[in-house]
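Working notes, structure below.
Residue numbers count from 1 along this sequence.
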Amino acid sequence: MTSRTCISERLRLPVISAVAVSVLALAGCSGGGDPQAGPTATAVASPAASGSGAAAATPSATATPKPVYKPADAKGRAQNVPVPVKPALADRNTKEGLEAFAKYWYALLNYGFETGDLSSWAKLTSTSCEFCNLLQNSVAVGYKEGRWQAGGRLSARSAEARFKPGAASQQVVVQVIQEKTHYYKADKSVGRSPAPGSNTASVVVAKYADGHWAVSDLHLIQ
């Protein structure tokens, strides 16, 4: 199996389904998190005197329901999308740590596809990664001027690191599944033809420094 960068031929903006990228290679996106929950109220008991001297406890508050995740559709953007939570393992300089990081990185990428926000993903991605830059630009275009996309969710189904202790950079092969993607304009009209789903693989190149991993390059596997 050989790896090479295939940017222009496989990328269909703003998706990355096309992105087979996903490969990009493109968790179930491993590494997904829970939506931010509102404060939980505690029940407060107040003693009440009775004729017999017995006290009764009465709850004075009810629990605040957690926001419910709603995927994007033809009517509007996704709501309350769970923010991926980095597992502690993902910061370890080991084979298992690299694999956990790769899945977390794709979880952040998926979060960007659903919300248009790739800020956390960008912090763990080198600006020298050309394919990564194309992915970031495609998401920006997809959410420009009130646009959004529905579907297109991706998950890193597997990650297998080619870990070499002491190496300056490490590689991990990732299989990524991406759903069919639909595009909409701010007025809710169709923005472009849907992009088909994909099942692809890629090689993620990462470097470990200052106690954490960061992606320095990305190659599609043909």
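- Using a 4.5 Å heavy-atom threshold, the side chains of Thr125 and Gln136 count as separate.
- Atom OG of residue Ser198 and atom CD of residue Glu179 lie 10.5 Å apart, to the nearest 0.5 angstrom.
- Tyr69 is listed as a side-chain neighbour of Glu114, based on a closest heavy-atom distance under 4.5 Å.
- The list of disulfide (SG to SG under 2.5 Å) pairs with a residue in residues 145-222, not counting sequence neighbours, is empty.
- Salt-bridge annotation for Lys95 and Glu99: present, with a side-chain N of the basic residue lying under 4.0 Å from a carboxylate O of the acidic one.
- For the pair Gln79/Val68, no side-chain contact is recorded, criterion being any heavy-atom separation below 4.5 Å from C-beta on.
- For Lys188, the side-chain contact (heavy atoms from CB on, under 4.5 Å) criterion is met by Trp148, not counting sequence neighbours.
- Taking 4.5 Å as the limit, every side-chain heavy atom of Phe113 sits out of range of all side-chain heavy atoms of Arg153.
- Looking only at side-chain heavy atoms (C-beta outward), Trp213 and Asp91 stay at 4.5 Å or farther from each other.
- Among residues at least two apart or in separate chains, disulfide (SG to SG under 2.5 Å) pairs with a member in residues 116-145 are Cys129-Cys132.
- For the pair Tyr208/Leu98, no side-chain contact is recorded, criterion being any heavy-atom separation below 4.5 Å from C-beta on.
- A donor and an acceptor atom, one from each side chain of Arg157 and Gln175, are nowhere located under 3.5 Å apart.
- Put simply, the side chain of Leu124 does not reach to within 4.5 Å of the side chain of Val215, judged on heavy atoms.
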